[in-house]
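If you scroll down you'll find the structure; I have some questions about it.
Quick note: residue numbers are just sequence positions, from 1. Note that ligands are numbered from 1 as they come in the structure, with each ligand's atoms numbered from 1 the same way.
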Amino acid sequence: MSSLRLIQGGRAAEGLPGLLVEGAAEIATLAGGLRRGASQDDVAIVGATEGPSAEGGQVIACWEGRVLAIGPRPELEQALEAGGYPLSRFARLDAMGGAVTPGLIDPHTHLLFAGSREAELVLRQRGAGYLEILAAGGGILSTVAATREASVDALEEHGRRWLGEMLAHGTTTIEAKSGYGLDLATELRLLDIAHRLGVAGPIDVLPTWLGAHAVPAEFRSRPEGAEAYVRHCLDEQLPGVAAQGRARFADVFCEAGVFTPDQSRRILEAAARLGLQPRLHADEIAPSGGAELAVEVGALSADHLAAPSTAGIDALANAAESDHPVVATLLPATTWFLMHDDFAPARTFIERGVPVALATDFNPGTSPTTSLPFVMTVACLELKLTPSEALAAVTINAAHALGRGDEIGSLEPGKVADLVVWRVPTHRQIPYWPAADLVRTVVKAGRVVLERAPA
Ligand code: NIG
Ligand code: FE
């Protein structure tokens with residue numbers, strides 16, 4: 001981190017509209033759309049050359065923030081000149097024999113919260129269950145108490161800090177959930193901060209309303225408290241969130257002891273009517289009907305899925321054959337950090353043709369990590385994904401999990417020029433060096449936003 005330099009606003013390629021990325025040992029373009037089944041393992045590599053030849057190799061040409069073309073240097077340079085893109089209008093970025101991939105996309109984070117919960121780690125070591133801690137008023141609820149107290153400045157500063165960490169690990173777009181307010185004012189505050197952090201950049205932030213993350217303390221004491229809180233979500237929070245216009249998605253923690261499938265359905269259907277696309281915390285701890293519900297409401301993504309039922313897996317497999325596949329967004333760092341034995345059945349999903357994405361689930365209770373490369377490592381070791389499947393999961397499939405598959409997630413002409421130059425020659429080494437700092441340069445919309453200072 002210390003040797004990485006954040007370039008405020010991005011280096012505008014020396015004031016030039018174009019950027020040529022050259023000298024890559026490998027470019028994993030991820031071209032070709034959503035991955036599922038056997039294609040999840042295909043990262044569409046171009047230009048694996050013998051080495052970082054300054055004369056040859058494949059070059060990525062970016063223009064005004066978008067990918068213009070990728071091709072072998074001589075042909076590409078000729079075509080650019082002939083096509084009205086003079087080479088003098090391009091800055092050059094030397095990948096120095098590193099691999100180049102699309103910018104990583106984190107489709108499930110709880111970016112904004114106050115405080116920390118290291119005490120729970122020790123409670124869980126001693127045998128306490130995650131949902132047991134929540135039922136006793138701790139867990140999510142202790143973060144809610146701290147977050148309600150926090151100032152806008154403190155939350156913003158926290159957001160900037162952790163976004164900086166994400167960028168240093170190669171992330172260029174994230175989804176960020178609210179869900180630590182659980183009252184209208186605090187939920188709106190979190191959504192607004194997430195939105196503003198995204199506008200400030202360089203990471204794009206897509207806000208999700210997660211008002212139904214837990215039943216807050218003031219409703220628990222009431223009879224039928226959960227039901228009363230669901231009605232509060234429907235009658236107060238949702239209209240307020242829709243009127244504010246910051247959230248793009250709605251999410252619910254559908255799990256035994258939190259929200260039932262029926263409550264989750266009512267919230268997600270009402271949200272969809274107000275233009276918020278559904279996504280879902282589904283079957284994180286035990287089969288809870290979450291995967292089935294995600295398909296039923298046409299969610300973009302069903303997340304966690306560490307414990308789906310057979311019917312839930314069948315539902316996702318059927319949806320994968322339809323025009324509306326639901327992406328299985330798996331969060332293996334959470335299972336690992338909770339010290340649970342049962343990881344999501346990722347190989348079954350891939351065999352059944354279900355598209356798989358990965359995310360950090362960054363949050364103070366179950367996954368305090370911002371590193372997608374680290375999540376890729378856990379996915380390879382515990383979910384048995386190949387390194388290529390894991391890369392597809394944090395790029396093109398993660399883009400589809402956010403409904404942005406046409407804009408980001410692959411390096412193809414016309415798409416946003418978000419890319420990472422790695423300090424390893426092949427994407428297969430990204431999960432292979434656990435917890436290492438592997439990022440050399442990050443380009444966001446054609447601008448260099450982070451670079452490792454020369455040694
Ligand atoms: O995805 N399980 C629900 N939400 C988060 C954890 C939030 C927390 O513990 O603070 C998750 O695991
Ligand atoms: Fe989560």
Give a yes/no on ligand 1: does Glu255 have at least one heavy atom closer than 4.0 angstrom to it?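 The answer is no: ligand 1 sits nowhere under 4.0 Å from a heavy atom of Glu255.
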Criterion side chain to side chain contact (heavy atoms under 4.5 Å, CB included) against Ile193, the qualifying member of Leu111, Val205, Leu112, Asp153: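 So the option named by the test is Leu112.
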What protein heavy atom is closest to atom 4 (N) of ligand 1, reported as residue, atom name and distance in Å?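 For this ligand atom, the closest protein heavy atom is His213 NE2, 2.8 Å.
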What atoms in ligand 1 come closer than 4.0 Å to a heavy atom of Ile140?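 Those atoms are 7 (C), 8 (C), 9 (O), 10 (O).
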In ligand 1, which numbered atoms sit nearer than 4.0 Å to a non-hydrogen atom of Arg117?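 Close to Arg117: 8 (C), 9 (O), 10 (O).
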Before moving on, can you tell me the angle at the Fe ion (ligand 2) between the NE2 atom of His281 and the OD1 atom of Asp361, to the nearest 10 degrees?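 Here the angle at the metal atom is close to 170°, to 10°.
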Taking the side chain from Thr147 and the backbone from Ala114, do they hold a donor-acceptor pair closer than 3.5 Å?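 Yes; judged by distance alone, with no hydrogens or angles, the pair exists.
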What residue and heavy atom of the protein are closest to atom 11 (C) of ligand 1, and at what distance?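 Scanning the protein heavy atoms, the shortest distance from atom 11 (C) of ligand 1 goes to Asp361 OD2, 3.1 Å.
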NZ/NE/NH1/NH2 to OD/OE distance under 4.0 Å, Asp192 and Arg246: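 A salt bridge links Asp192 with Arg246.
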Top protein contact for atom 2 (N) of ligand 1, by heavy-atom distance: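 The answer is Glu284 OE1, 2.7 Å.
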Indicate yes or no for a side-chain donor-acceptor contact from Glu407 to the backbone of Arg404 under 3.5 Å, with no hydrogens or angles considered.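 Such a contact is absent between Glu407 side chain and Arg404 backbone.
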My understanding is that only one of Pro332, Pro434, Pro431 makes a side chain to side chain contact (heavy atoms under 4.5 Å, CB included) with Cys380; could you say which?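 Of Pro332, Pro434, Pro431, side chain to side chain contact (heavy atoms under 4.5 Å, CB included) with Cys380 is met by Pro431 alone.
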Going by atom types alone, do His108 and Asp361 pair a side-chain donor with an acceptor below 3.5 Å?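 Side-chain D/A pair, His108 to Asp361: present.
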Between the candidates Phe253, Phe362, Tyr130, Tyr180, which shows the shortest non-hydrogen contact distance to atom 6 (C) of ligand 1?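 The option holding the nearest heavy atom is Tyr130.
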For ligand 1, is there an N or O atom under 3.5 Å from any N or O atom of Thr143?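 The answer is no, given that Thr143 and ligand 1 share no N or O pair closer than 3.5 Å.
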Between Phe362 and Phe113, what is the ring plane arrangement, given parallel below 30°, perpendicular above 60°, and tilted in between?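 Correct class here is tilted.
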As an exercise, identify every atom of ligand 1 less than 4.0 angstrom from a heavy atom of Thr366.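 Result: 6 (C), 9 (O), 11 (C), 12 (O).
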Checking Asp42 against Ser39: is there a side-chain donor and acceptor pair closer than 3.5 Å?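 No, no side-chain donor-acceptor contact under 3.5 Å.
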Quick one: look at His110 and ligand 1, take heavy-atom pairs under 4.0 Å, and tell me if it's side chain, backbone, both or neither.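 It is the side chain that gets close, since no backbone atom is under 4.0 Å.
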About how large, to 10 degrees, is the angle NE2 of His108, then the Fe ion (ligand 2), then NE2 of His110?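 About 100°, to the nearest ten degrees.
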